[in-house]
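Each ligand, and each atom within it, is numbered from 1 in the order the structure gives. Note that the structure is a prediction, hence the values are computed from the model and not measured.
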Amino acid sequence: MGKQTPQESTDKVAANGLINRRHLLSLSLGGVGMAVANTVLGQELQIPSWSRMPGPGPSAYGNRSPYAENMLRLIYNTDPLYPGGGGSRSPLQHLHGTITPNSLHFERHHAGIPAINPEQHKLVINGLVRQPLVFNYEALLRYPMVSKLYFVECSGNSGALLRQAEPDQSGTAQSLHGLVSCAEWTGIPLSTLLDEAGVLSEANWVAAVGADAASMGRSILLGKALDDSMVALFQNGEPVRPGQGYPLRLLNPGWEGNTNVKWLTQLKLTAEAPHFRDETSKYTDTLPNRFSLKFTFPMGTKSLITSPSGQMMLEKPGIYRISGIAWSGSGGIRRVEVSADGGRSWAEALIEGQLNEKALTRFSIPWEWSGGEAVLQSRATDNQGSVQPTRDTILAERGNITAYHNHCIQSWGVNTMGEVRNVYA
Ligand SMILES: Nc1nc2c(c(=O)[nH]1)N[C@H]1C(S)=C(S)[C@@H](COP(=O)(O)O)O[C@H]1N2
Ligand SMILES: [Mo]
């Protein structure tokens, strides 16, 4: 977040009602508050019944309020031909901050969730190593660990925007983009385990395989494996959930979701990539000239307004908090800009909280809705200068044979009734 130029700081309200930070801080925080909150002066506060009676006591495992039970994952594609296949999407429009609660982390399984007893699970490291090793869960718990915030995003996320010529009017942040989540992952740096096995100089790849019925395998570049890949055992402080790969999963920060092999059971060092099913027939981008890109590992620079977003309703003209998430598979987010006029003018959003590499970042900006039509967009720039592209740019560059790795700008149209819909702009 660089210094503002004098020109920007005198610019009180950016085009189309976006209120820039300087204006908000120097002049009108109070003004905004007054406009948003209802005044309570002169009214007698009613004492609600729940403050008179003792409620239930503590519980062994906490639950959320029954008033917050509308936050649910959206399950898709439970085709009986593929038992356990399909997935579920995170309710991005209901989530705040940057951490996805474990119960709401999106899921993608190719053959369901195996019921693994950690006492019977093994992790093998073999292939081009000096000393093949086998670890049980108990042994892994004794290694030094690191804890980091990382997003996981399926490379099929947001694919509908490329597949569908007309925008899905019923689309929500969740239904269109909910295959991304973010957690604090705790685990052993993969480099620690590979060092112990002793990687031979001919090795270039780590072939990772899961213990599910899909026997999912992915090839990881040795450089990545030695850089920041980890064998994750904990997710937001508790054991990795069965849906996320209990008792352990591979995590390749910033890389396409599929490479994060769940229920990890084998790491084989190889000279060549084994070309598993999920890195050839799937998760591969075919270009208009029918050539396919061999591997696409880091996820693109991306952002999404989660509020207001598809299927929400603005009740009346006034000041709203535009808020959303931004992320990049190549590092941190440098800035996020927001437009209320379909990309003609942009204002810089406030980054809320810390900037973590390869993790979700929360942004927001106040916006005064006049009651007219608007098209809300956000555009992220990562700290290597890569800027989130428009849908038209992606289609022009890659066509739509592939719908994987779509990181285009999402447009939410607001009509004069205040209805928010997925639009192409
Ligand atoms: N063993 C195994 N690992 C797997 C999968 C799978 O089906 N089996 N699905 C992959 C896909 S496609 C994605 S996007 C991520 C999803 O991780 P999550 O379910 O924890 O969100 O896991 C990956 N790892
Ligand atoms: Mo995926």
Are any of the side-chain nitrogens in Glu107 or Arg241 under 4.0 Å away from the carboxylate oxygens of its partner?
no

Can you tell me how the ring of His109 sits relative to the ring of Trp263, calling it parallel under 30°, perpendicular over 60° and tilted otherwise?
tilted

Has Arg249 got a side-chain atom pairing as donor or acceptor with Asn260's backbone, closer than 3.5 angstrom?
yes

Atom-level proximity to ligand 1, residues with heavy atom under 4.0 Å
His105, Phe106, Glu107, Arg108, His109, His110, Cys154, Gly210, Asp212, Met216, Gly243, Gln244, Arg249, Gly257, Asn258, Asn260, Val261, Lys262, Trp263, Tyr283

Only pairs at least two apart or in different chains count here, so list each side chain to side chain donor-acceptor pair (under 3.5 Å) that has a residue in residues 214-231.
Arg218-Glu256, Arg218-Asn258, Arg218-Glu279, Ser219-Glu279, Lys224-Asp228, Asp228-Lys358, Ser229-Asn252

So with a 6.0 Å cut-off around CZ of Arg64, is the heavy-atom count from everything else above 12?
yes

In Å and rounded to the nearest 0.5 Å, what is the CD to CZ distance from Gln169 to Arg421?
5.5 Å

